[in-house]
Amino acid sequence: MDRWLNSHWFVKGIALLVAVLMWMVVNFERDTGSTTEASQPMYIGGVAINVLYDTERYDLVEQPSPVKVMVESSNPFYRYNLVTPDQYEVFVDARGRGKGTHRLPVQHKGFPEEARIGITPSMVEISLEEKQTVEKEVEVELLGQVAPGYTPGNPVVKPHRVHVRVPESLVDDVAEVKASVNLEEATEQIDVTTELKVLDKKGNIITKAEVNPLTVEVSVPVTSPFVVVPLKMNLTNDLPDGYSLASVQTNTEEVTVYGPQDVIREINTYPAPPIDLSKINSNQLLQLKMPLLDKVVKVEPEYLEVSLRVVPSTTKQLENVPLRITGLADEQQAKVLTLEGQEITMLSVGLIGAPQILEETSVDDVQVLVDVSNLPAGVHEIPVIYNLPNYVKTAAGSVKQVTVEITNKEE
């Protein structure tokens, strides 16, 4: 034995054997460790389940709880390079199933083929509810305030009725469909396209409601303060001799006047554009732009149509038209005198106008007045005032003034 130990060949052989044994031990442990580690399963918790079903006809009552996924693979590369959630899917397939509760297997896809997949729980229950459609009228919700002095009008919605699709259990909860429009500081009409929201009886939004169409067009008129007043014709001068107006017709008898409140509150009538009659001797159809008074914003209609019917004049004499004295103080009395000093209470009045108008004119349609307001006692020459039907005037030779004697009453 001592001789072998002293042999250098024996020592070299022993060293070689030990080296081989050590190499085998190291490599065996490495392979064993890798195999053990690779076969160790990995767990992914909180994985959401995607439910496949007919979304047109049904609604998923409640989303199933997340599951736990076990992944086991002998591929060490897969272990350290786990696929991301967007690469795999865990789902149940309820397509072809009707309303009600269904117990379905949990399936998966997207994991490597060599991996062994386990899902806990492997079966889940889902409930499907049938959808129903109701028709509702759209209500407009006006938000904010228009500019001071302006007023919003009634909204116009297109379409004004829409279809709302909800799960069967929510049909009775659908209270209203609203379109919101912001009016803040508006000074003119608002035209918007706005999304609809479906509300329950408590005013809460029903998130599971589907609206068709999803948007509507809303128009909200915004106007300044206005007043509607009678139109006052503005005829100047007289027709040429021998002609009279038989009628004056307009496309409106009232106008709408827009402007600041302190301006329009003072307007009782609105003047029409002036029409000069002095050069008119035949029928006329006129279109005239309405004038804007100071600080008036707008007048509607913007244009006034006036139809003038002109005919040859005729005359008519009215006898015994009462002569009235107005403006007399309580302590005074008065009478109209002739040149001879006799009292008169009646006048004969000659009229010129269109034949049809004069034919219908009687003593009751004519007033002859003498205004003595603020005059002292004494004798005065006073102009005569004639209140006549429209488009009628006094004939030449009519009394222009009279003598009035005013005296104080005896106490």
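Just so we're clear, the structure is a prediction, and the values are computed from it rather than from any experiment.
In this structure the side chain of V296 reaches within 4.5 angstrom of the side chain of Y270, judged on heavy atoms. Side-chain contact between V69 and V90: present, with at least one pair of heavy atoms (C-beta onward) separated by less than 4.5 Å. Side-chain contact between V379 and V404 is absent, with no heavy atoms from C-beta onward closer than 4.5 Å. Taking 4.5 Å as the limit, every side-chain heavy atom of V368 sits out of range of all side-chain heavy atoms of P322.
Panel note: side chain T394, backbone S398; no donor-acceptor pair is recorded below 3.5 Å. A donor-acceptor pair under 3.5 Å links the side-chain atoms of Q63 to the main chain of I49, judged by distance alone. With hydrogens and angles ignored, the 3.5 Å screen pairs a side-chain donor or acceptor of R165 with a backbone N or O of E56. The backbone N or O of G100 sits nowhere less than 3.5 Å from a side-chain atom of E130 that would complete a donor-acceptor pair. The closest donor-acceptor contact from the side chain of N237 to the backbone of S278 lies at 3.5 Å or more, if one exists at all. Between the side chain of Y53 and the backbone N or O of V92 there is no donor-acceptor pair closer than 3.5 Å. Remark: the backbone N or O of P389 is not paired with any side-chain donor or acceptor of D365 at under 3.5 angstrom.
Counting all heavy atoms, side chain and backbone alike, P273 lies closest to L288 at CG-CB, 3.6 Å. When all heavy atoms of P301 and V255 are compared, the pair lying nearest together is CD-CG1, 4.1 Å. The two residues T361 and K316 come nearest to each other via the heavy atoms O-NZ, 2.7 Å. Of all heavy-atom pairs spanning V71 and A115, the tightest one is CG1-CB, 4.2 Å. Scanning both residues, V157 and V140, for their nearest heavy atoms gives CG2-CG2, 3.2 Å. Scanning both residues, V297 and P260, for their nearest heavy atoms gives CG2-CD, 4.4 Å.
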D59 and K208: salt bridge (Lys or Arg N to Asp or Glu O under 4.0 Å), yes or no, with the steps? CA-CA 8 Å; D59 177 70; K208 288 192 173 184; 3.0 Å; yes

Evaluation steps, side-chain contact (heavy atoms from CB on, under 4.5 Å), between I275 and L308: CA-CA 10 Å; I275 299 175; L308 302 177; 4.2 Å; yes

Before you tell me yes or no, could you show the steps for V299 and L292 under side-chain contact (heavy atoms from CB on, under 4.5 Å), namely the whole-Å CA-CA distance, both residues' side-chain angles and the distance that decides it to 0.1 Å? CA-CA 7 Å; V299 177; L292 291 180; 3.7 Å; yes

CA sep, side-chain torsions, deciding dist, call: E340, T338, side-chain hydrogen bond (donor to acceptor under 3.5 Å, both in side chains): CA-CA 5 Å; E340 291 78 19; T338 65; 3.3 Å; yes

Passes side-chain hydrogen bond (donor to acceptor under 3.5 Å, both in side chains), N387 versus Q367? Steps please. CA-CA 5 Å; N387 289 335; Q367 285 185 333; 3.0 Å; yes

Stepwise, does the side-chain contact (heavy atoms from CB on, under 4.5 Å) test hold for N268 with V229? CA-CA 6 Å; N268 298 315; V229 295; 5.7 Å; no

Worked verdict on T151 versus T223 for side-chain hydrogen bond (donor to acceptor under 3.5 Å, both in side chains): CA-CA 5 Å; T151 305; T223 59; 5.1 Å; no

Start with the C-alpha gap between K197 and E141, add the side-chain angles, then the distance that decides, and say whether salt bridge (Lys or Arg N to Asp or Glu O under 4.0 Å) holds. CA-CA 11 Å; K197 52 188 177 184; E141 180 183 29; 3.5 Å; yes

Test log, rule side-chain hydrogen bond (donor to acceptor under 3.5 Å, both in side chains), inputs N50 and E89: CA-CA 7 Å; N50 185 25; E89 181 184 8; 2.6 Å; yes

Please walk me through it: do V211 and V198 pass side-chain contact (heavy atoms from CB on, under 4.5 Å)? CA-CA 8 Å; V211 190; V198 181; 3.3 Å; yes

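Test V47, T120, V124 against V106 for side-chain contact (heavy atoms from CB on, under 4.5 Å) and you get one pass: V124.
Separating the OG atom in S313 from the OH atom in Y243 is a distance of 9.0 Å, to the nearest 0.5 Å. Remark: L369 CG to T326 OG1 distance equals 5.5 Å, nearest 0.5 Å. With values rounded to the nearest 0.5 angstrom, L337 atom CG is found 5.5 Å from E405 atom CD. Summarising the geometry, atom OG belonging to S244 is positioned 6.5 Å from atom CG belonging to L239; distances are rounded to the nearest 0.5 Å. In this structure, M233 CE and T269 OG1 are separated by 12.5 Å, a value rounded to the nearest 0.5 Å. Here CG of L199 is found 6.0 Å from CD1 of I205. Values are rounded to the nearest 0.5 Å.
Every residue two or more places apart in sequence or in another chain that forms a ring-ring contact (aromatic ring centres under 6.0 Å, His included) with H108 is listed here: F111. Under the salt bridge (Lys or Arg N to Asp or Glu O under 4.0 Å) criterion, K232 pairs with no residue, sequence neighbours left out.
Residue-environment remark: NZ (K400) exceeds the threshold of 12 foreign heavy atoms within 6.0 Å. For E253, the CD atom is loosely surrounded, since the number of other residues' heavy atoms within 6.0 Å does not exceed 12. Around CG of N154, the count of heavy atoms belonging to other residues, nucleotides or ligands within 6.0 Å does not exceed 12. Around atom NZ of K393, more than 12 heavy atoms belonging to other residues, nucleotides or ligands sit under 6.0 Å away. Annotation for Q145: atom CD does not count as buried by contact number, only 12 or fewer foreign heavy atoms lying within 6.0 Å.
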Considering only distance and modelled atom types, tabulate donor-acceptor pairs under 3.5 Å from the side chains of residues 167-174, sequence neighbours left out.
{"from": "S169", "atom 1": "OG", "to": "E129", "atom 2": "OE1", "distance (Å)": "3.2"}
{"from": "S169", "atom 1": "OG", "to": "E129", "atom 2": "OE2", "distance (Å)": "2.7"}

May I have the list of side-chain donor-acceptor pairs in residues 343-360 shorter than 3.5 Å, sequence neighbours left out?
{"from": "S348", "atom 1": "OG", "to": "Q317", "atom 2": "NE2", "distance (Å)": "2.7"}
{"from": "S348", "atom 1": "OG", "to": "E319", "atom 2": "OE1", "distance (Å)": "3.1"}
{"from": "S348", "atom 1": "OG", "to": "E319", "atom 2": "OE2", "distance (Å)": "3.2"}

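Of the charged side-chain nitrogens involved, at least one lies within less than 4.0 Å of a carboxylate oxygen, so that R161 and E137 count as a salt-bridged pair. Salt bridge present: E300 and K298 bring a charged side-chain N and a carboxylate O closer than 4.0 Å. Between K131 and E210, at least one side-chain nitrogen of the basic residue sits less than 4.0 Å from a carboxylate oxygen of the acidic one, meeting the salt-bridge criterion. Taking the charged nitrogens against the carboxylate oxygens, D200 and K202 have no contact shorter than 4.0 Å, which rules out a salt bridge.
Within the cation-pi definition used here (under 6.0 Å to the ring centroid, within 45° of the axis), K109 qualifies as a partner of F91.
Residue pairs meeting the side-chain hydrogen bond (donor to acceptor under 3.5 Å, both in side chains) criterion with at least one member in residues 374-384, sequence neighbours excluded, are E381-T403. For residues 265-289, the set of pairs meeting the salt bridge (Lys or Arg N to Asp or Glu O under 4.0 Å) definition, not counting sequence neighbours, comprises K289-E302.
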